[in-house]
Amino acid sequence: MVLLSGLRVLLELSLQLAVILLLLPAMFWLGEDVPALLVGRAVAPLRERYGRMTAFWRLTLRHGLPLEDGLMLALVLLVLLCLAGLSIVMPDVGAVMGAWLADPLLMGSVLLAGAFWAVPGPLWWMHGRCCLVLCLTEAFIVLAAPGVTGLRGVQQLLLAAPGSSLAGTALCCAVALALTTSLPDRQTLADDMVARGQPVGRLARDQRQVIVGVYHAGWSLLLGDLLLPVLFGLEGPGGVLGLSVRFVGGSVLVALGQMTGMRRHGRFVALLLGLAGLMALAGRFAV
């Protein structure tokens, strides 16, 4: 009986991972190519993204990955499994992961740690600022909804009390995190690999860039989970649709932060965090 339950859990996680891997090229296209398209730059079609991702997995299976890159990839795939909020065969698995593992501070810290692992030098002060915003996000969520665990708990509370100030608190924190995103871009990654004397062959560089791109996808999904928490943890096809909508929402926040230049204005971030704190206090005293 225990073996059967373990096999069912393994099947559920495998199906969830398959859905995420199927959506990853579309995530890359939405997160990287669409913003470039909006500013008038030519981009490759979506089918080319799928071709590149297929080539990445084929080369990875054939030649393997360095230990460091392999650990980074495994870590971010685990984060995506937690943040996806899917339930395909066994809703209990998604509920447990969403309640205990899909915590904004935990998942955000893992993503920042992976980004720092990839590029440890130039962005350390930006990582520190982003960590501070993550900690405040966690504190405000706990203040607005004491006893709530994980993003699944946030979703259940918002469904039970649609007018809760928790939604506004999460929204302000999502925008603040989008404006303090500190994950490295492709050029920063390439420059750092050269500066550290790492192998800069095309294969090694492309593999590392894909892995860092998956971290960007995970960060956009985290922002989308905070922006639209009511769509977290849906079951069946609705879960896949909710995942897609949340990722698009998070990608829009990141793109707006980059295109408007608001990331340079720390006072606006402080204003957002102050507003989130006031909403959290209002919700706490209302309870």
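Everything numeric in this text was worked out from a predicted model, so none of it was measured.
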CG-CG distance between Leu136 and Leu272, expressed to the nearest 0.5 angstrom
12.0 Å
Check the hydrophobic clustering (I, L, V, M, F, W, Y; side-chain heavy atoms under 4.5 Å; chains of links allowed) and say if Val214 and Leu67 are grouped together.
yes
Does the side-chain contact (heavy atoms from CB on, under 4.5 Å) test come out yes or no for Gln156 and Val148, once each step is laid out?
CA-CA 9 Å; Gln156 292 176 341; Val148 167; over 6 Å; no
Under the rule for side chain to side chain contact (heavy atoms under 4.5 Å, CB included), what residues qualify as partners of Leu73, not counting sequence neighbours?
Phe56, Trp57, Leu65, Val76, Leu77, Ile211
Within the structure provided, determine whether Ser182 and Leu112 are in side-chain contact (heavy-atom separation under 4.5 Å).
yes
Minimum heavy-atom separation for Ala280 and Phe140, please, with both atom names.
CB-O, 3.4 Å
Shared hydrophobic cluster, Met27 / Leu21 (ILVMFWY, side-chain heavy atoms < 4.5 Å):
yes
Please evaluate residues Phe232 and Leu243 with respect to the criterion side-chain contact (heavy atoms from CB on, under 4.5 Å), reporting the C-alpha separation (whole Å), side-chain torsions for both, the decisive distance (0.1 Å), and the verdict.
CA-CA 7 Å; Phe232 185 91; Leu243 166 63; over 6 Å; no
Roughly how far apart are Leu227 CG and Cys172 SG, rounded to 0.5 Å?
11.0 Å
Check: Val240 and Leu23 side chains under 4.5 Å, non-hydrogen atoms
yes
Under a 4.5 Å side-chain heavy-atom rule over Ile, Leu, Val, Met, Phe, Trp and Tyr, are Leu166 and Leu278 clustered together?
no
Nearest heavy-atom pair of Trp117 and Leu71: which atoms, and what distance?
CH2-CB, 3.5 Å
Leu151 CG to Leu101 CG distance, which is reported to the nearest 0.5 Å:
11.0 Å
Mind checking what makes side chain to side chain contact (heavy atoms under 4.5 Å, CB included) contact with Leu30, not counting sequence neighbours?
Val34, Phe247, Val248
Which of these, Leu80, Val79, Leu78, sits in a side-chain contact (heavy atoms from CB on, under 4.5 Å) with Met107?
Val79
Backbone N/O of Leu86 and side chain of Gln16: donor-acceptor pair under 3.5 Å:
yes
Listed partners of Arg52 passing salt bridge (charged side-chain N to carboxylate O under 4.0 Å, His left out), at least two apart
Glu48
Could you pull out the closest heavy-atom pair between Ser220 and Val254, with the gap in Å?
OG-CG2, 4.1 Å
Taking a hydrophobic cluster as the set of Ile, Leu, Val, Met, Phe, Trp and Tyr residues connected by side-chain heavy atoms closer than 4.5 Å, whether directly or through intermediates, do Leu132 and Leu275 fall within one such cluster?
no
For the residue pair Val252 and Leu256, establish whether any side-chain heavy-atom pair is separated by less than 4.5 Å.
yes
Between Gly238 and Leu234 the two heavy atoms that sit nearest each other are O-CD1, 3.6 Å
Smallest separation among heavy atoms of Leu226 and Ala170, with atom names
O-CB, 3.3 Å
Evaluate the side-chain proximity of Leu231 to Gln155: yes if any heavy-atom separation is below 4.5 Å, no if none is.
no
Backbone of Ala178 reached by a side-chain donor or acceptor of Thr181 within 3.5 Å:
yes
Tell me if a side-chain donor or acceptor on Tyr50 pairs with a main-chain N or O of Leu22 at a distance below 3.5 Å.
yes
Can you tell me which residue pairs pass the salt bridge (Lys or Arg N to Asp or Glu O under 4.0 Å) test with a partner in residues 28-39, sequence neighbours excluded?
Glu32-Arg49, Glu32-Arg186, Asp33-Arg49
Between Ser165 and Met279 (side chain of the first, backbone of the second, donor and acceptor by atom type, cut-off under 3.5 Å), is there such a pair?
yes
Tell me the salt bridge (Lys or Arg N to Asp or Glu O under 4.0 Å) pairs involving residues 221-239, sequence neighbours left out?
Asp225-Arg246
Pro104 and Leu134: which non-hydrogen atoms are nearest, and at how many Å?
O-CD2, 3.6 Å
Side chain of Glu12, backbone of Ile88: donor and acceptor closer than 3.5 Å?
yes
Atom pair OG1 (Thr54) and CG (Leu59), whose distance is rounded to the nearest 0.5 Å:
11.0 Å
Taking Leu15 as the starting point, is it possible to reach Leu83 by hopping between hydrophobic residues whose side chains are less than 4.5 Å apart?
yes
For Gln207, which residues count as a side-chain hydrogen bond (donor to acceptor under 3.5 Å, both in side chains) partner, sequence neighbours excluded?
none
Rounded distance [0.5 Å steps], OG in Ser251 versus NE2 in His216:
11.5 Å
Quick one: pull up CD1 in Ile141 and CG in Leu105 and give me the separation to the nearest 0.5 Å.
9.5 Å
Measuring only between side-chain heavy atoms, which start at C-beta, is Glu68 closer than 4.5 Å to Arg208?
yes
